[in-house]
Asks: 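Just passing along the structure, written as structure tokens.
No hydrogens, no waters, no symmetry mates; every other heavy atom, side chains included, goes into these values. On a predicted model such as this, the values are computed, not experimentally measured, just so you know.
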Amino acid sequence: MSNSTIVTRFAPSPTGYLHAGGARTALFNWLLARHAGGKFLLRIEDTDLARSTQDAVDQLLEDLKWLGLKWDNAELVYQSKRLPIYNKLIDGLIADGKAYEAWESSEELEALRTEAAKSKKAYIYKRRSYSADDLNRFRDEGRKPVVRFAMPVKEYRFHDITLGKDISQSPYEVQDFVIRKGDGMPTYHFGVVVDDAEMGVTHVLRGLEHLLNTVPHIALQEALGYPRPTYAHLSVMLNPETGEKLSKRDRDRRIRKKSQEWMRNQKKSIDDLAAACGLASDRLSDWIKTDTMQLDLSEQPSVMKVVGLKEADLPEIMIHDFRKNGYFPEVLNNFLALQGWNPGGDLEQMSMEKMTELFSLDRINPSNPKFNRDKLQSFNTEFASTASPARLLAGLRDYLSVNPDSSLHTASDADLLKVLEMKKGFRTLRQVDEASRFLFQPDDQIAYEPDAVEKVLKKNDGQGLAVLKDLLPLLTAVVDWKAANIEAVVNAYVEQTKLGLGKVAQPIRVAVSGGTVSPPIFESLELLGKDKTLGRINRCLM
RNA sequence: GGCCCUGUCGUCUAGAGGCCUAGGACACGGCCCUUUCAAGGCCGCGACACGGGUUCGAAUCCCGUCAGGGUCACCA
């Protein structure tokens with residue numbers, strides 16, 4: 001490995017499923033490394049003991065694998081396992097007088113900040129000296145000190161590639177920041193700097209929210225004698241509805257909003273809602289009032305069901321959401337890449353290989369894009385229309401693996417392939433699922449839409465029903481149950497009655513599917529089978 | 001509020017002083033196709049935030065205004 005090899009990394013903190021913003025950051029790092037023939041490393045930043053769980057790590061890894069972003073380090077780097085390394089370094093800094101113990105409690109600091117806010121100023125930590133008495137008192141109180149890095153006071157300046165310019169911070173902004181927390185864990189700032197250096201990271205691509213964090217980082221690099229990596233900060237993706245940073249919380253917000261509407265429209269109280277959901281009333285009441293509290297992933301479905309929200313109604317934020325809603329990973333990557341990067345000219349739809357070939361840092365855009373899913377859907381549609389049957393089948397199977405409730409589970413690969421073919425032009429795999437559900441559901445689970453029954457079957461003195469009645473013996477007579485044969489019989493009937501295909505096909509459609517929308521009817525009937533088709537028509541006539 | 005970043009159609013963007021009466025994609029509207037819903041084909045609508053400079057010439061450079069976003073933790 002030569003010195004010029006590019007090494008990038010993705011360093012998420014494990015707090016649940018990967019979200020779109022994180023995925024884009026991972027993708028850009030991956031793309032840069034692959035393009036340059038370098039390495040893409042993965043590190044788990046689990047220094048926040050309260051929030052990090054192994055479950056979250058597993059979910060993260062699953063999403064990354066699904067996206068196809070393979071990392072090159074065989075052994076995952078967990079910061080929580082590297083404490084001795086950090087501590088040795090921190091103790092060294094203290095010995096050199098470059099860091100020191102600070103004893104202020106969170107409450108004291110909080111008070112100082114509020115005071116600063118009152119006079120409309122940013123609070124800047126100032127180092128204090130403690131008397132021996134102070135120290136004794138703190139220890140008696142059981143306080144745990146943090147370690148702060150003594151920032152050399154000067155102007156800091158670094159170059160950012162995506163911004164294409166130098167960013168600087170004045171000496172007046174400089175403040176001593178915490179590098180070791182009271183619980184003995186290093187802070188994010190310390191962990192990144194040390195690990196990036198030790199892992200040989202040459203390029204740091206991260207969200208723009210980290211732009212000013214770079215200042216403490218370069219200060220630490222200077223103190224520790226590390227080289228400075230190349231920095232490229234990525235724009236933040238915005239929620240098109242709120243205009244704010246795309247956040248996992250956005251889904252919860254949608255549920256809350258809908259719940260409030262539900263209560264208003266149905267004239268129900270929070271207790272009614274809680275009862276209907278089977279959740280604790282006081283918990284729900286806390287949740288509905290504040291924007292800061294979120295429902296657990298396990299609680300969301302029951303509330304959604306009660307207030308009438310479907311999975312597809314929620315904004316997809318997490319990669320897992322996109323997977324559940326039936327997007328293809330290569331399409332999602334393509335779309336994510338376009339949020340802030342493009343190869344120039346008119347080229348938009350690209351394979352991973354093409355993106356890898358064309359990727360370059362100087363084509364990254366610094367302005368914040370609003371994350372609008374319309375185009376993603378269109379890309380998904382386009383991809384599906386050109387993908388091989390094998391690819392589509394694999395996609396559908398993957399979709400089913402994260403949608404355990406789908407009735408398509410009982411279908412064979414051959415049937416799934418037929419469904420995929422019938423639904424050609426579909427946008428998401430979820431549409432394939434929902435549109436063809438009736439083909440695999442037991443007869444008694446078909447839900448008849450009242451509007452459809454009224455309009456197509458009962459209207460005009462039950463004209464639709466009359467058609468079904470006529471059709472029943474004709475269809476019964478079909479020996480070889482194939483779409484073409486069924487079509488021939490139905491067409492002959494249409495010809496004879498001069499009703500028009502619409503007047504005949506729609507009643508059949510409602511009878512077998514319960515609604516007015518389905519895949520092409522004759523293929524559907526073939527797949528459904530003769531017995532089930534006749535049975536469902538009979539049920540309508542009874 | 002301080003500090004920082006950004007500002008081309010509704011959205012994602014092309015555009016590196018003349019190739020720009022600003023190109024593409026999505027969305028939207030219309031027409032065609034059609035047994036439903038889609039998909040598809042054709043056509044259309046639609047933007048350089050504003051004000052000053054610099055220049056023979058500015059979407060492109062500079063300044064200001066305005067707007068949007070980020071950040072101000074013992075979270076990352």
Asks: Quick one: look up who B:C19 pairs with, Watson-Crick or G-U, both distances under 3.5 Å, and put none if it's unpaired.
Replies: none
Asks: Just to verify, what does A:K144 make a side chain to side chain contact (heavy atoms under 4.5 Å, CB included) with, not counting sequence neighbours?
Replies: none
Asks: Expressed in whole Å, how much space separates the C1' atoms belonging to B:A47 and B:U13?
Replies: 12 Å
Asks: Any salt bridge (Lys or Arg N to Asp or Glu O under 4.0 Å) pairs touching residues 364-375 of chain A, not counting sequence neighbours?
Replies: A:E316-A:R373, A:E348-A:K375
Asks: Say you pick atom P in B:G1 and the same atom in B:G18; how far apart are they, in whole Å?
Replies: 39 Å
Asks: Given B:U11, B:U36, B:U13, which nucleotide is nearest the side-chain atoms of A:V517?
Replies: B:U36
Asks: Could you note down all residue pairs passing side chain to side chain donor-acceptor pair (under 3.5 Å) where residues 498-510 of chain A supplies at least one of them, sequence neighbours left out?
Replies: A:Q506-A:R509, A:R509-A:S518
Asks: Any base atoms under 4.0 Å from A:E173, or only sugar-phosphate, or nothing? Heavy atoms, all strands.
Replies: sugar-phosphate
Asks: With the criterion being N/O to N/O and under 3.5 Å, what pairs connect the protein with nucleotides 31-34 of chain B, and how long is each?
Replies:
none

Asks: Which residues within residues 18-27 of chain A lie with some heavy atom under 4.0 Å of an atom in RNA chain B?
Replies: none
Asks: What is the nucleic acid contact for A:K424, judged by heavy atoms within less than 4.0 Å: base, sugar-phosphate only, or nothing?
Replies: base
Asks: Report the relative orientation of the aromatic rings in A:Y327 and A:F322; use parallel for angles under 30°, tilted for 30 to 60°, perpendicular for over 60°.
Replies: perpendicular
Asks: Would you check if the side chain of A:E108 reaches a backbone N or O of A:S105 as a donor-acceptor pair within less than 3.5 Å?
Replies: yes
Asks: Over 60° means perpendicular and under 30° means parallel, so classify the ring planes of A:Y231 and A:H233, tilted if in between.
Replies: parallel
Asks: Grab the CZ-C1' distance between A:R509 and B:U35 for me, whole Å please.
Replies: 6 Å
Asks: State which of B:U35, B:C74, B:C4 makes the closest approach to the side chain of A:L211.
Replies: B:C4
Asks: Only counting residues at least two apart or in another chain, list the ones meeting side chain to side chain contact (heavy atoms under 4.5 Å, CB included) with A:R137.
Replies: A:D134, A:E141
Asks: Could you tell me which nucleotide pairs with B:U34 by Watson-Crick or G-U wobble geometry, both distances under 3.5 Å, or answer none if nothing does?
Replies: none
Asks: According to side chain to side chain contact (heavy atoms under 4.5 Å, CB included), who are the partners of A:A452, at least two apart in sequence or on a separate chain?
Replies: A:E449, A:V510, A:T516
Asks: Are there any protein N/O atoms within less than 3.5 Å of an N/O atom in nucleotides 66-71 of chain B, and if so, which ones and at what distance?
Replies:
{"unit_1": "B:G69", "atom_1": "O2'", "unit_2": "A:N368", "atom_2": "ND2", "d": "2.8"}
{"unit_1": "B:G70", "atom_1": "OP1", "unit_2": "A:K245", "atom_2": "N", "d": "3.1"}
{"unit_1": "B:U71", "atom_1": "OP1", "unit_2": "A:K245", "atom_2": "NZ", "d": "2.9"}

Asks: With ring pair (Phe, Tyr, Trp, His ring centres under 6.0 Å) as the rule and sequence neighbours excluded, what pairs involving residues 145-173 of chain A come up?
Replies: A:F149-A:F177
Asks: Taking the same atom, C1', in B:A14 and in B:G24, what whole-Å distance lies between them?
Replies: 7 Å
Asks: What nucleotide, of B:C5, B:A73, B:U11, holds the atom closest to the side chain of A:R113?
Replies: B:A73
Asks: Can you tell me if A:E115 has over 12 outside heavy atoms packed within less than 6.0 Å of its CD?
Replies: no
Asks: For A:W341, what residues pass the ring pair (Phe, Tyr, Trp, His ring centres under 6.0 Å) criterion, not counting sequence neighbours?
Replies: A:F359
Asks: Below 3.5 Å is the cut-off: list the nitrogen or oxygen pairs between protein and nucleotides 27-29 of chain B, distance only.
Replies:
{"unit_1": "B:A27", "atom_1": "OP1", "unit_2": "A:R427", "atom_2": "NH2", "d": "3.1"}

Asks: Salt bridge (Lys or Arg N to Asp or Glu O under 4.0 Å), that's the test. Do A:E421 and A:K418 meet it? Break it down for me.
Replies: CA-CA 5 Å; A:E421 174 65 23; A:K418 282 183 199 156; over 6 Å; no
Asks: List the residues meeting side chain to side chain contact (heavy atoms under 4.5 Å, CB included) with A:T47, not counting sequence neighbours, and say none if there are none.
Replies: A:Q79, A:K181, A:M185, A:P186
